[in-house]
Participant: 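Dumping the structure here so I can ask a few things about it.
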Amino acid sequence: MSAHLSLPRFARIGAGAVDEIGSVVDQLGLQRPVLVTDSYLVGTGAADRVMALLRSAGQDPALFDGTVPDPTTDSLADGLRIVAEHRADSVIGFGGGSPMDTAKALAVLSANGGEMRSYKAPHVYTGKALPIIAIPTTAGSGSEATQFTVISDSASDEKMLCPGLSFLPIAAIVDFELTMSMPPRLTADTGIDALTHAIEAYVSKKAQPFTDGLALAAIRTIGKHIRTAYADGENRTAREAMMVASTQAGMAFSNSSVALVHGMSRPIGAHFHVAHGLSNAMLLPAITAFSVQGAESRYADCARAFGAASESAGDSVAAQFLVETLSTLCHDLKVPTPLEYGIDRDAWDGLVPLMAEQALASGSPGNNPVAPTAEQIETLYAEVFG
């Protein structure tokens with residue numbers, strides 16, 4: 001069976017790459033982009049810098065800075081209005097996963113219309129969309145290289161995974177210097193997010209040789225550099241390595257899939273407003289322990305790549321070392337449990353059945369080495385609460 005691979009048409013990667021945004025837009029034959037970002041990047045002056053670069057290259061950009069963490073269907077309304085009023089021919093997602101997810105949603109909705117719910121999995125959308133350019137400012141989501149967006153339904157709090165080639169950026173600008181100001185908490189959460197992408201891409205039932213290489217390369221790089229990036233945010237070598245690994249992991253899971261961690265993570269984010277990378281980190285050790293029996297040799301490969309086990313270690317031993325190493329990593333990077341984060345136990349327990357239902361409905365758990373039942377997912381939610 002042939003593998004189906006989808007990647008951005010091109011990428012600019014390295015220090016100072018963001019300065020090339022004007023030439024990228026020009027190369028694509030575009031003129032009227034909307035820069036989709038958030039108030040934080042406006043406040044730091046970063047958004048103004050990109051707008052100035054676009055204008056100096058002869059483009060006519062507009063700004064939408066209303067992106068919110070974990071974007072919702074309601075949060076898209078003002079962006080759709082700006083895209084329409086500007087008669088935009090493209091969108092530029094500038095920021096972490098949320099601005100890039102928002103840009104992808106705006107690109108599809110402004111060109112094709114409809115409600116976001118009609119684009120959620122298992123539907124795969126490959127129709128009309130404005131061209132998307134992605135400029136990540138965090139090393140984690142990998143959204144600059146993926147054919148997915150995640151938007152929460154404001155009416156139901158369901159976090160909807162929306163897949164399809166139309167959500168894939170046509171170009172990506174990956175400049176690690178944009179991540180140098182990330183605080184330790186964000187560095188940890190986004191770094192473990194990228195690690196989760198790579199591990200799940202490798203152990204997924206949809207994994208294939210092309211994605212295997214990207215996933216293992218990302219795991220190897222993250223294993224070497226995540227602690228340094230967390231402890232010393234000014235370390236350029238670590239920042240650059242984590243940025244490249246994040247993009248590799250994004251390419252890997254976009255062309256294979258994510259699995260149970262992501263399936264269970266999205267409802268946590270939707271109902272309790274936990275950042276996506278952090279909710280992944282809360283789940284990763286326990287879900288790995290649950291899943292190891294279904295793909296022991298694959299998890300062992302992950303352990304060796306990360307540096308958790310020697311090349312000579314047997315698969316059973318190496319896979320167990322991976323579980324232990326992930327637990328230690330989350331402890332050292334101060335990942336809180338849902339209880340420590342401040343989530344009310346009664347509220348959590350009351351929503352567990354619905355969260356399990358939503359996790360299964362996303363389709364991601366079906367890609368897991370051990371496909372869970374709803375009851376097993378509920379047990380795992382109880383286990384990770386703390």
Side-chain angles (χ1 to χ4, degrees), residues 4-37 41 45-65 67 79 82-97 99-112 125-139 141-149 164-179 210 214 240 243-244 246-248 250-251 254-255:
H4 295 186
L5 305 173
S6 303
L7 301 167
R9 184 182 298 176
F10 65 90
R12 304 284 177 90
I13 301 176
V18 71
D19 293 332
E20 301 177 34
I21 180 60
S23 66
V24 167
V25 173
D26 185 63
Q27 182 178 345
L28 293 171
L30 303 169
Q31 182 66 27
R32 300 179 63 81
V34 169
L35 183 69
V36 180
T37 189
L41 289 169
D48 286 342
R49 175 189 174 193
V50 174
M51 292 289 283
L53 288 166
L54 290 166
R55 292 190 184 104
S56 67
Q59 278 98 40
D60 181 15
L63 177 69
F64 171 58
D65 63 356
T67 294
I82 289 172
V83 170
E85 290 177 353
H86 188 59
R87 293 176 285 109
D89 60 7
S90 53
V91 292
I92 302 172
F94 178 53
M100 288 189 285
D101 278 350
T102 298
K104 292 177 178 186
L106 295 179
V108 166
L109 290 175
S110 62
N112 197 59
Y125 179 67
T126 58
K128 293 187 297 182
L130 293 178
I132 304 160
I133 300 167
I135 310 175
T137 62
T138 63
S141 77
S143 186
E144 68 275 7
T146 73
Q147 52 188 316
F148 306 106
T149 191
L165 279 175
S166 301
F167 295 107
L168 178 68
I170 194 170
I173 296 178
V174 184
D175 186 339
F176 76 89
E177 291 184 331
L178 296 172
T179 72
F210 179 85
L214 288 166
E240 182 172 20
M243 194 67 156
V244 171
S246 174
T247 299
Q248 289 175 318
M251 290 178 174
S254 181
N255 287 285

Participant: Decide yes or no on side-chain contact (heavy atoms from CB on, under 4.5 Å) for L54 and I92, but give the supporting numbers first.
Facilitator: CA-CA 11 Å; L54 290 166; I92 302 172; 3.9 Å; yes
Participant: If we ignore hydrogens and angles and just use 3.5 Å, is the side chain of N112 paired with the main-chain N or O of K128 as donor and acceptor?
Facilitator: no
Participant: Give, for atom CD1 of I170 and atom CG of L7, the distance between the pair rounded to the nearest 0.5 Å.
Facilitator: 13.0 Å
Participant: Check salt bridge (Lys or Arg N to Asp or Glu O under 4.0 Å) between R9 and all other residues, then give those that pass, not counting sequence neighbours.
Facilitator: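 With sequence neighbours excluded, R9 shows a salt bridge (Lys or Arg N to Asp or Glu O under 4.0 Å) to no residue whatsoever.
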Participant: Which atoms form the tightest heavy-atom contact between A107 and I132, and what is the distance?
Facilitator: CB-CG1, 3.5 Å
Participant: Of the non-hydrogen atoms in T138 and G97, which two are nearest, and what is the gap between them?
Facilitator: OG1-N, 4.5 Å
Participant: With a 3.5 Å distance limit and no angle check, can you tell me whether S254 reaches the backbone of Q147 through a side-chain donor-acceptor pair?
Facilitator: yes
Participant: Side chains of T146 and F167, heavy atoms from C-beta outward: is any pair under 4.5 Å?
Facilitator: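 No. Closest side-chain heavy atoms not under 4.5 Å.
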Participant: When rounded to the nearest 0.5 angstrom, what distance separates CZ in F94 from CG in D65?
Facilitator: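 Separation between the atoms: 12.5 Å.
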Participant: Check the pair Q59 / L30 against side-chain contact (heavy atoms from CB on, under 4.5 Å), numbers first and verdict last.
Facilitator: CA-CA 8 Å; Q59 278 98 40; L30 303 169; over 6 Å; no
Participant: Identify the heavy atoms of L214 and Q248 that sit nearest to each other, and give their distance.
Facilitator: CB-O, 3.8 Å
Participant: Do the non-hydrogen side-chain atoms of L130 and S110 ever get within less than 4.5 Å of each other?
Facilitator: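 With C-beta onward as the side chain, the pair touches.
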Participant: When you measure from the side chain of R32 to the backbone N and O of H86, does any donor-acceptor pair fall under 3.5 Å?
Facilitator: yes
Participant: Given 3.5 Å as the limit, does a donor-acceptor pair link the side chain of H4 with the main chain of N255, or not?
Facilitator: no
Participant: So P61 and R55, do their side chains get closer than 4.5 Å, heavy atoms only?
Facilitator: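 A side-chain contact exists here, since the closest heavy-atom pair is under 4.5 Å.
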Participant: If I take atom CD from residue E144 and atom OG1 from residue T137, how far apart are they, to the nearest 0.5 angstrom?
Facilitator: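 Those atoms lie 10.0 Å apart.
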Participant: Where do F148 and D101 come nearest, in terms of heavy atoms and distance?
Facilitator: O-OD1, 4.1 Å
Participant: With rounding to the nearest 0.5 Å, note down the distance linking CG in L53 to CG in D48.
Facilitator: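 Answer for the CG-CG pair, L53 versus D48, is 11.0 Å.
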Participant: Does anything in residues 166-178 pair up under side chain to side chain donor-acceptor pair (under 3.5 Å), and if so which pairs, sequence neighbours excluded?
Facilitator: E177-R236
Participant: How many angstroms lie between atom CZ of F176 and atom CD of E240, to the nearest 0.5 angstrom?
Facilitator: 4.5 Å
Participant: Could you give all pairs that pass the salt bridge (charged side-chain N to carboxylate O under 4.0 Å, His left out) test and reach residues 82-91, with sequence neighbours left out?
Facilitator: R81-E85
Participant: Specify the closest pair of heavy atoms between A105 and T149, including all atoms of both residues, with the distance to one decimal.
Facilitator: N-OG1, 4.4 Å
Participant: Can you tell me if S143 uses its side chain to pair, donor with acceptor, with the backbone of M100 under 3.5 Å?
Facilitator: no
Participant: Only one of T247, V18, I135 clears side-chain contact (heavy atoms from CB on, under 4.5 Å) with V174; which?
Facilitator: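 Option passing the side-chain contact (heavy atoms from CB on, under 4.5 Å) with V174: T247.
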Participant: Are V83 and F64 close enough, and set up right, to give a side-chain contact (heavy atoms from CB on, under 4.5 Å), and what steps lead you there?
Facilitator: CA-CA 8 Å; V83 170; F64 171 58; over 6 Å; no
Participant: Over all heavy atoms of both residues, which pair between S246 and S141 is shortest? Give the atoms and the distance, please.
Facilitator: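 Smallest interatomic distance, heavy atoms only, reads OG-N, 4.0 Å.
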Participant: Between V36, I21, L35, V91, which is the residue that forms a side-chain contact (heavy atoms from CB on, under 4.5 Å) with I133?
Facilitator: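 Of the listed options, the one satisfying the test is I21.
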Participant: Could you walk me through whether V24 and F10 pass the side-chain contact (heavy atoms from CB on, under 4.5 Å) check?
Facilitator: CA-CA 9 Å; V24 167; F10 65 90; 3.8 Å; yes
Participant: Could you give the distance from OH (Y125) to NZ (K104), rounded to the nearest 0.5 Å?
Facilitator: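 Here the rounded value is 15.0 Å.
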Participant: Can you find a heavy atom in the side chain of D19 that is under 4.5 Å from one in the side chain of R12?
Facilitator: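 Not in contact.
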